Every structure is written in structure tokens, then in C-alpha cells.
Amino acid sequence: MNAKTTSASAPGKFILLGEHAVVFGKPAVALAIDKRVQCTVKTSDTNRINGEVLIPGNNPHIDFLLDKYGLDSVDVCIESEVPSGSGLGSSAALSSSLSAAIRRYLDLDVEKIAIAKDAFDTEYFIQGNASPLDTSCSTFGNGVVLNNDGSGSPLWTAEKNGKRWKISSIKAPKMTFVIGFTGIKASTGPLVAKVKKYTENSSFASEIIDEIEAITSEGIRCMENNDKEKLGKLMIQDHKLLSILGVSCSELNKLVDAALIDSYGAKLTGAGGGGSIVALTDRPEKVCEKITRHGGMPFVVGTSSDGVL
Ligand code: MEV
């Protein structure tokens, strides 16, 4: 092949409601953010990452996708505005954007369902027990709902090892959120495994998962009715339930409490154990100030964003 360069980008996301419960087939809502990961694929002498020879095992997303497409002589360059380990879907955005860049490199269709599938396969391979929420949101952008029969327009259906997820898009009303990153990087896999173990050993944990389900379904209705007050209250309840499941930590709780003073609601977002909180607010500057004062890194995000480009 002649020397060639292609690229693609995909947004990070945050989970508004339903994280962890989604792994058990319950609904969840994710919203894409205006921070992106960009991947460039260019012809090289061997497989490289940002110019350095790719060491198998060190970059599993890249290994997986290059292997899937039979590529052995490309340099993958990654530029990311999404802090890794922050709960903002940096690895899903990497998988989606790399899939699209590779497909362009090989003159294949940049078809969103194919990319969503690739990205989900990658995350599932790496995490062992991922849902297609993060990867679908990075691929399609805007609002994405999983497993909610009534809401939104159907996008695609994912299937893995006998599990099935319906993925739909929803129009999120204009809302302002502030993300507060604790600075603590936490990996999703062990936290998902911890909740799984808890539900296997305790019917109380399964009841919490059911309560999260009810909150998420109600939250979807609040978004449809643009009811920020009620949505905020549901976010607060959801945070309490996630804390009971053992996926919050003192740094997250501190940022939630600090943000709540000027917000409709706030909660951890993503896997927890560190990572970020999200606050729904009309006073983003004040929330940013409070998050900074309590040791977090704030940034303001809007609700609407493109998917993979
Ligand atoms: C991680 O961002 C969200 C979890 O629900 C795991 C998943 O959906 O794959 C914790």
C-alpha cells in the first residue's frame, strides 16, 4: 500500500443515570461531551503508537483493533482532551475513533453501527463485562439510552454471550453540567466485578440495582419534560444508592457535597472509585469554584455533541 494517513475523532461522555445497574440489563443514560479523542493512522515500517514501536499487551485497545483488521505496519497517533481514568469514557472514545480511522485507512464504510460494534467488541474484550453504553455514546453522540423500550429512536442492538442490549438515541434538552474530576484514576473492570460479587452474595444489593432502574426510568421522563428540579433530585438519590453499592469514595462524596450548594443535583458518574462527579446546574462558575476549592478539577460541558467524525 502507498503511504497513507487517515484520522477520526470521537467524544467522551458522562453517565447521567444508571451506571453499574446497566451491567445487569437495567436502563442507563449517557450524554456525549464536547471533549474529544482524535486518532490518526499512518503507514509505517511496523506497528507503532505515537512513533514508538507498539509493545503487545501495553495498549490493548490498539492491539485488538489492529489485529482485527490485520494491520501490521501503521503508526497510531492519539491526541486526547478526555482525561483517562476520569469516568468520562476516554477508552470508549479511543476505540470508536480508532475504528473509524482504521476503516478510512482501509477504504471501508465509516458506518456508525459497524464502528459502535467494533468499539464495543474492543471494550468487552478488555473489560470482560462491559455494556455497550459508553462506546455507543462515543459513536453516535448526543444522548444514548440503553435497554429502555419506550424512549428514543432505536440505533442498534448489541449481543454478547447471551446478553442483549437495545440502544436508542434521545434528544437531551439544553442543560449545563459541571464535571469534577477527583484526579484519582480508577479502572472500571474491578469496580464492575465488585458490584457483581455483592449482588451474588446479597439480595439487598440486587434491590439497590432495581431502585437504580426505577430512578433511571423516571430520569428519562424528566429529560423529556425538561424537569431539571426533579432530575437533580434523582441524581442525588442515585449517588446514595451507588455509595451503598460501594463504588463511591470520600473524594467523590466531598465533591458531590460541595457542588450541591449551587446545583439541582450531583452524583458520581461512570464506574466510581475515583474518576468524576457530574452536577446539573444553572450556576456553572460557582460550582467550578467549589469543586476547585475541594481539590477537584472542574470543567463545564453542554449536552449536545457530535458522535464519531
Ligand atoms: C462505566 O463507565 C459504566 C459501568 O456501568 C460499566 C459499563 O457500563 O460497562 C460501571
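When a ligand or atom number is given, it counts from 1 through the structure's own listing order. No experiment lies behind these values; they were computed from the predicted model shown.
The pair R36-E81 fails the salt-bridge criterion, with no side-chain N (NZ, NE, NH1 or NH2) lying under 4.0 Å from an Asp/Glu carboxylate O. Between E218 and K230 there is a salt bridge, since a side-chain N of the basic residue sits under 4.0 Å from a carboxylate O of the acidic one.
Side-chain atoms of E251 and H294 form no donor-acceptor pair, as typed in the model, at a separation below 3.5 Å.
Annotation: salt bridge (Lys or Arg N to Asp or Glu O under 4.0 Å) contacts involving residues 41-53, sequence neighbours excluded, comprise D45-R48. Each side-chain hydrogen bond (donor to acceptor under 3.5 Å, both in side chains) pair with one or both residues in residues 202-211, not counting sequence neighbours, appears once here: K26-D210.
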Under 3.5 Å, N/O to N/O: give me all the pairs between ligand 1 and the protein, one per line with atom names and distance.
{"from": "ligand 1", "atom 1": "2 (O)", "to": "D134", "atom 2": "OD2", "distance (Å)": "3.1"}
{"from": "ligand 1", "atom 1": "5 (O)", "to": "H20", "atom 2": "N", "distance (Å)": "2.9"}
{"from": "ligand 1", "atom 1": "8 (O)", "to": "S131", "atom 2": "OG", "distance (Å)": "2.7"}
{"from": "ligand 1", "atom 1": "9 (O)", "to": "S131", "atom 2": "N", "distance (Å)": "2.9"}

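By the side chain to side chain donor-acceptor pair (under 3.5 Å) test, E285 pairs with no residue at all, sequence neighbours left out.
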